[in-house]
Amino acid sequence: MREEQPTSHTPACPSAGDQLLKAQALADWLGVTPGALAQMRYLGKGPKFIKLGGRSVRYRVSDVNEWLDAQTRQQT
């Protein structure tokens, strides 16, 4: 009987929706300034964000897509 060797466990790569974006990257993607994102965070009107401590803010791609879907309108 052969004994199995332990294998190293590599964490799974996050799915595209779980990737984290810095505020600057999201601002570039949305065509707004990082200051506009900060204002949205302050007012509670932007996408959900993650606070990593201090002033470090990240946005999960899936949360941004969900927020964008909620902004979609058919009329004004």
Side-chain angles (χ1 to χ4, degrees):
M1 185 182 271
R2 194 171 152 187
E3 190 174 320
E4 288 186 35
Q5 296 292 326
T7 58
S8 64
H9 185 303
T10 305
C13 181
S15 68
D18 290 336
Q19 289 181 350
L20 299 178
L21 298 175
K22 291 182 177 182
Q24 181 65 57
L26 180 58
D28 291 343
W29 181 31
L30 296 177
V32 300
T33 65
L37 283 177
Q39 186 71 12
M40 285 189 256
R41 286 193 305 272
Y42 176 75
L43 296 173
K45 295 186 177 213
K48 293 179 190 175
F49 61 95
I50 299 167
K51 198 76 162 165
L52 294 176
R55 296 173 55 158
S56 187
V57 173
R58 299 290 184 274
Y59 294 88
R60 189 177 290 125
V61 171
S62 59
D63 290 335
V64 173
N65 286 330
E66 184 179 306
W67 176 76
L68 286 171
D69 287 343
Q71 305 311 305
T72 303
R73 305 285 186 256
Q74 290 186 348
Q75 17 178 194
T76 57

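Values in this document were obtained by computation on a predicted structure and should not be read as measured data.
Between K51 and V57 there is a side-chain heavy-atom pair separated by less than 4.5 Å.
Here the closest non-hydrogen pair linking A27 and P34 is CB-N, 3.7 Å.
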Determine, step by step, whether L37 and F49 satisfy the side-chain contact (heavy atoms from CB on, under 4.5 Å) criterion, reporting the C-alpha distance in whole Å, the side-chain angles of both residues, the deciding distance to 0.1 Å, and the verdict.
-> CA-CA 10 Å; L37 283 177; F49 61 95; over 6 Å; no
So L20 and V61, side-chain contact (heavy atoms from CB on, under 4.5 Å) or not? Walk me through it.
-> CA-CA 6 Å; L20 299 178; V61 171; over 6 Å; no
Expected list for residues 68-76: side-chain donor-acceptor pairs under 3.5 angstrom, two or more places apart:
residue: Q71; atom: NE2; partner: W67; partner atom: O; Å: 3.3
residue: T72; atom: OG1; partner: L68; partner atom: O; Å: 3.2
residue: T72; atom: OG1; partner: D69; partner atom: O; Å: 3.3
residue: R73; atom: NH1; partner: A70; partner atom: O; Å: 2.6

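The CZ atom of R60 sits 4.0 Å away from atom CD1 of I50, with the distance rounded to the nearest 0.5 Å. In this structure, the separation between NZ on K22 and OG on S56 is 7.5 Å, given to the nearest 0.5 Å.
Among pairs with a residue in residues 30-50, those fulfilling side chain to side chain donor-acceptor pair (under 3.5 Å) read R41-Y59, at least two apart in sequence or across chains.
Partners of Q24 under the side-chain hydrogen bond (donor to acceptor under 3.5 Å, both in side chains) rule, at least two apart in sequence or in another chain, are D28.
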